[in-house]
Participant: 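Pasting a structure here, questions to come.
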2 protein chains.
Amino acid sequence: MKPARTSPGRRTTIYDLAGLAGASPTAVSAVLNGTWKKRRISESTAARILRIADEQGYALNMQASGLRRERSHLIGMIVPKYDNRYFGSIAEGFEVMARARGLFPIITCTQRDPDLEIQAARAMISHQVDCLVATGATDPDRITELARAAGVRSLNLDLPGRLAPSVISDNRGGAKALTRRILAASEPARGAGEPLLFVGGRPGDHNTAERIGGFRDAHAEAGIAVDEELILAAGYAPEKSRRALEDLAARRPRLPAGLFVNSTISLEGVLQWSRASRHYGNHAPHIGCFDWDPLAAVLTENIVMLQQDVPAMLARLFDLVDSEETRPGVSEIPTRFAPV
Amino acid sequence: MKPARTSPGRRTTIYDLAGLAGASPTAVSAVLNGTWKKRRISESTAARILRIADEQGYALNMQASGLRRERSHLIGMIVPKYDNRYFGSIAEGFEVMARARGLFPIITCTQRDPDLEIQAARAMISHQVDCLVATGATDPDRITELARAAGVRSLNLDLPGRLAPSVISDNRGGAKALTRRILAASEPARGAGEPLLFVGGRPGDHNTAERIGGFRDAHAEAGIAVDEELILAAGYAPEKSRRALEDLAARRPRLPAGLFVNSTISLEGVLQWSRASRHYGNHAPHIGCFDWDPLAAVLTENIVMLQQDVPAMLARLFDLVDSEETRPGVSEIPTRFAPV
DNA sequence: CAAGTTTGCTCCATCGGTTGAGCATCGTTG
DNA sequence: CAACGATGCTCAACCGATGGAGCAAACTTG
């Protein structure tokens with residue numbers, strides 16, 4: 001038996017507890033992880049060990065346990081940003097559902113930086129996560145490859161990958177429904193046959209491309225030609241949308257009365273511009289936002305907000321976690337309109 | 001030497017690499033963690049090992065490494081919610097600064113639930129974090145005790161504790177400055193000597209208590225008596241603030257023209273109520289918010305938002321991390337007004 | 001009361017990486 | 001050419017928890 005060290009500050013181990021309880025480390029381990037009945041440890045010994053563990057404030061060393069068991073009970077998630085309610089609720093919901101399964105969630109935010117995503121994925125793999133979820137990742141397939149090489153399962157959320165199961169919103173369907181609503185609401189203010197403006201997102205990004213697709217679908221359905229110059233997908237940051245609008249307004253005297261805004265972050269830039277420029281005078285433009293924020297919903301006139309169904313997305317994600325599915329495939333979750 | 005297993009899906013270990021490189025696991029380990037010069041491994045062997053490690057997509061097993069070294073290079077943080085920009089920017093900034101120090105940040109969100117806080121702290125301690133930061137924790141001292149028992153350093157952020165170093169905002173000073181501004185802005189609309197309304201937060205919570213203190217200070221300075229019935233600290237959730245306002249408005253015909261709102265989350269409820277009730281008719285009440293949100297800043301009239309200085313708070317926090325300070329003590333970081 | 005079963009425990013190898021100690025081999029120096 | 005240092009590596013113990021195998025004592029059964 002290893003010598004018990006009870007020097008202060010030093011972590012208590014099962015060897016220390018074994019010494020104090022007059023039992024073997026094996027017995028202590030069995031009692032602490034609940035396998036003591038199977039291992040025929042007596043009720044009284046178990047009680048004694050538990051009491052001593054509690055007195056000593058014992059905390060299991062998960063590094064040692066995980067090393068031996070080859071399971072960490074960690075589940076990792078990579079998220080791009082914490083600056084909006086969508087990723088915030090994904091993070092919160094993910095943690096609740098992970099804990100309900102006895103997994104410890106670790107989430108890390110990678111600032112939409114591809115290198116940081118890879119670095120974070122590597123770190124999580126090194127820490128032996130049992131499963132890795134890449135949310136809104138720039139290059140999810142790269143992460144899947146890294147994970148696979150280390151025998152770690154990976155899943156994609158929000159943006160799809162080709163190598164692992166993916167759960168995303170029905171971006172095209174949602175964008176089409178949203179565009180229909182903006183077209184209807186802005187009808188009186190729009191010139192006949194005048195198309196809407198699309199603002200925000202990155203054109204290379206799958207979600208933005210799909211949403212532009214839905215935007216086109218709804219225009220086609222209404223018999224309105226899309227004006228290619230009115231598709232401003234210059235990035236998600238507020239300033240990028242604002243600048244794109246300023247540039248466009250400099251070239252055109254009058255912008256459409258209806259706007260499709262691709263995220264609340266882009267909405268920030270749109271509203272800054274519309275307030276500052278007074279382009280729409282005393283009227284508010286008709287806005288449809290593919291994203292939801294409660295303050296924007298309360299404060300903005302003529303806005304309709306589409307909410308991605310985060311609980312349903314996470315439910316599907318954890319179905320995949322539970323079923324140990326590894327084959328690629330995309331689950332598209334319907335969106336809904338936020339209550340006004 | 002242990003047998004090399006290259007069965008597919010199985011993780012590659014240094015023993016596998018050693019077999020492939022015709023070297024010992026010791027050499028491989030030394031090369032991979034950079035101590036190979038000190039250990040007099042030749043340049044050529046090092047290069048060979050690195051190449052093979054790369055080819056095999058080797059990922060270090062941090063559980064094993066951490067176990068042996070008694071350092072995990074993990075730094076944990078507990079955060080209450082992800083539903084506002086304040087905690088969002090704390091999380092993002094914390095991750096950046098942790099990574100800059102070679103630490104891997106793991107953040108977990110505990111929904112302002114005291115039990116969950118303790119459970120999460122225990123889990124992080126079990127995973128051997130090198131340092132644990134409790135942000136906005138209900139009972140930070142409990143967490144410090146748990147951490148101390150396991151020989152883990154802990155720090156408090158946003159809410160102070162009595163057992164570990166704490167970094168918080170200058171709540172009282174900030175609240176006083178904010179109250180002054182609301183008093184000034186609402187002057188024309190307020191009756192002479194009429195006090196402001198305080199909405200949001202939990203009265204038991206240190207920050208809320210301090211902010212009410214600053215609120216009182218500014219009133220005293222202006223020679224205005226605070227009306228105790230006008231201090232509504234019923235919780236942070238939007239509905240709680242809304243209901244408190246509805247109840248109060250049912251009892252009083254006219255509420256103050258100036259409001260001190262304790263967070264953006266409470267602001268949501270305040271604005272819902274003010275829109276729905278039309279209590280202020282066509283005028284917007286004068287609001288000062290102890291918290292910042294860009295959409296609220298753009299969209300709300302007559303609002304002034306106080307911003308907690310997250311970068312400065314984190315800089316101070318990591319000073320404490322770096323200096324290995326463990327003695328209790330509170331660092332109060334000045335707040336600032338958000339640009340309009 | 002011998003043989004077999006059950007009870008209550010312990011021994012020891014193991015997970016993968018790290019590190020102090022040590023051991024050949026080679027080149028240099030007196 | 002013996003002695004010595006430098007070079008380039010390997011051995012084996014160890015971190016803490018786990019679990020298969022096994023062992024002594026108590027109890028049951030024929």
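Quick note on labels: first sequence line is chain A, next is B, and so on, each numbered from 1.
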Participant: For A/Ile49 and D/dA17, give me the distance from atom CD1 to atom C1', rounded to whole Å.
Facilitator: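 After rounding, the reported distance stands at 14 Å.
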Participant: Could you tell me whether B/Arg122 atom CZ has more than 12 heavy atoms of other residues or ligands within 6.0 Å of it?
Facilitator: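 Atom CZ in B/Arg122 is not crowded, with 12 or fewer foreign heavy atoms closer than 6.0 Å.
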Participant: Which part of the nucleic acid, if any, lies within reach of B/Thr26 when heavy atoms closer than 4.0 Å are counted: base, sugar-phosphate only, or nothing?
Facilitator: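 Here B/Thr26 touches the bases of the nucleic acid.
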Participant: Taking the nucleotide of DNA chain D with the closest heavy atom to each, which residue, B/Ala46 or A/Ala59, is nearer the 5' end?
Facilitator: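 With B/Ala46 and A/Ala59 compared, the 5'-side residue is B/Ala46.
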Participant: Between B/Ile106 and B/Met124, which heavy-atom pair has the shortest distance, and what is it?
Facilitator: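 So the minimum-distance heavy-atom pair works out to O-CE, 3.4 Å.
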Participant: Using a cut-off of less than 4.0 Å, is there contact between a side-chain N or O of B/Ser29 and OP1 or OP2 of C/dG17?
Facilitator: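 For B/Ser29, the contact criterion (side-chain N or O under 4.0 Å from OP1 or OP2 of C/dG17) is not met.
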Participant: So, for A/Met62 and B/Gln128, which heavy atoms are closest and what is the spacing to 0.1 Å?
Facilitator: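 The answer is N-OE1, 4.4 Å.
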Participant: Ion pair present between B/Asp16 and B/Arg11, side-chain N to carboxylate O less than 4.0 angstrom?
Facilitator: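 Here B/Asp16 does not pair with B/Arg11 in a salt bridge, since their nearest N and O are not under 4.0 Å apart.
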Participant: Can you tell me how far C1' of D/dT7 sits from CH2 of B/Trp36, to the nearest Å?
Facilitator: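 Rounded to the whole Å, the gap is 14 Å.
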Participant: How would you summarise protein contacts on nucleotides 21-28 of chain C per nucleotide, using B for base, S for sugar-phosphate only and - for none, with heavy-atom distances below 4.0 Å?
Facilitator: B-------
Participant: Taking OP1 and OP2 of D/dG16, is either one under 4.0 Å from a side-chain nitrogen or oxygen of A/Thr13?
Facilitator: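 Looking at the OP1 and OP2 atoms of D/dG16, neither is under 4.0 Å from any side-chain N or O of A/Thr13.
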Participant: For B/Thr35, answer base if it contacts any base atom (sugar-phosphate contacts may also be present), sugar-phosphate if it contacts only those atoms, and nothing otherwise; contact means non-hydrogen atoms under 4.0 Å.
Facilitator: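 B/Thr35: no heavy atom of the nucleic acid under 4.0 Å.
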Participant: Could you tell me the separation between the CZ atom of B/Arg11 and the P atom of C/dG16, rounded to a whole number of Å?
Facilitator: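 Going from B/Arg11 (CZ) to C/dG16 (P), I get 9 Å.
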Participant: Heavy-atom count check: over 12 atoms from other residues, nucleotides or ligands less than 6.0 Å from A/Arg142 CZ?
Facilitator: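 Counting other residues, nucleotides and ligands, CZ of A/Arg142 stays at 12 neighbours or fewer.
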Participant: What integer distance in Å separates B/Gln63:CD from C/dG16:P?
Facilitator: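 Value for this atom pair: 11 Å.
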Participant: Specify the separation, in whole Å, of atom NZ of B/Lys37 and atom P of D/dT7.
Facilitator: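 Between P of D/dT7 and NZ of B/Lys37: 12 Å.
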Participant: Which whole-number value in Å describes the distance from A/Arg71 CZ to C/dG16 P?
Facilitator: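 Checked: the CZ to P distance equals 16 Å.
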Participant: Would a line drawn from the ring center of A/Phe94 to the ring center of A/Phe318 be shorter than 6.0 Å?
Facilitator: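 So the answer is yes for these two rings.
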Participant: Enumerate the residue pairs fulfilling salt bridge (charged side-chain N to carboxylate O under 4.0 Å, His left out) with a member in residues 23-40 of chain B, sequence neighbours excluded, ordered by first and then second residue.
Facilitator: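 Residue pairs with at least one partner in residues 23-40 of chain B: there are none.
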Participant: Grab the CG-P distance between B/Asn33 and C/dG20 for me, whole Å please.
Facilitator: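 Roughly 12 Å, once rounded to whole Å.
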Participant: Specify the separation, in whole Å, of atom CZ of A/Arg69 and atom P of C/dA13.
Facilitator: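 Between P of C/dA13 and CZ of A/Arg69: 22 Å.
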Participant: Just to be sure I understand the rule, does A/Ser42 reach a base, reach only the sugar-phosphate, or reach nothing, if contact means heavy atoms closer than 4.0 Å?
Facilitator: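 Since only primed, P, OP1 and OP2 atoms lie under 4.0 Å of A/Ser42, the category is sugar-phosphate.
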Participant: Look at the side chain of B/Arg68 and decide which nucleotide, out of D/dA17, D/dT10, D/dA13, has an atom nearest to it.
Facilitator: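 Closest of the options to the side chain of B/Arg68: D/dA13.
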Participant: Between C/dG16, C/dG17, C/dT10, which nucleotide has the shortest distance from any of its atoms to the side chain of B/Leu67?
Facilitator: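 Looking only at side-chain atoms, B/Leu67 lies closest to C/dG16.
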Participant: What does A/Leu60 touch in the nucleic acid at a heavy-atom separation under 4.0 angstrom: a base, only the sugar-phosphate, or nothing?
Facilitator: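 If one applies the 4.0 Å heavy-atom cut-off, A/Leu60 turns out to touch the sugar-phosphate alone, with no base involved.
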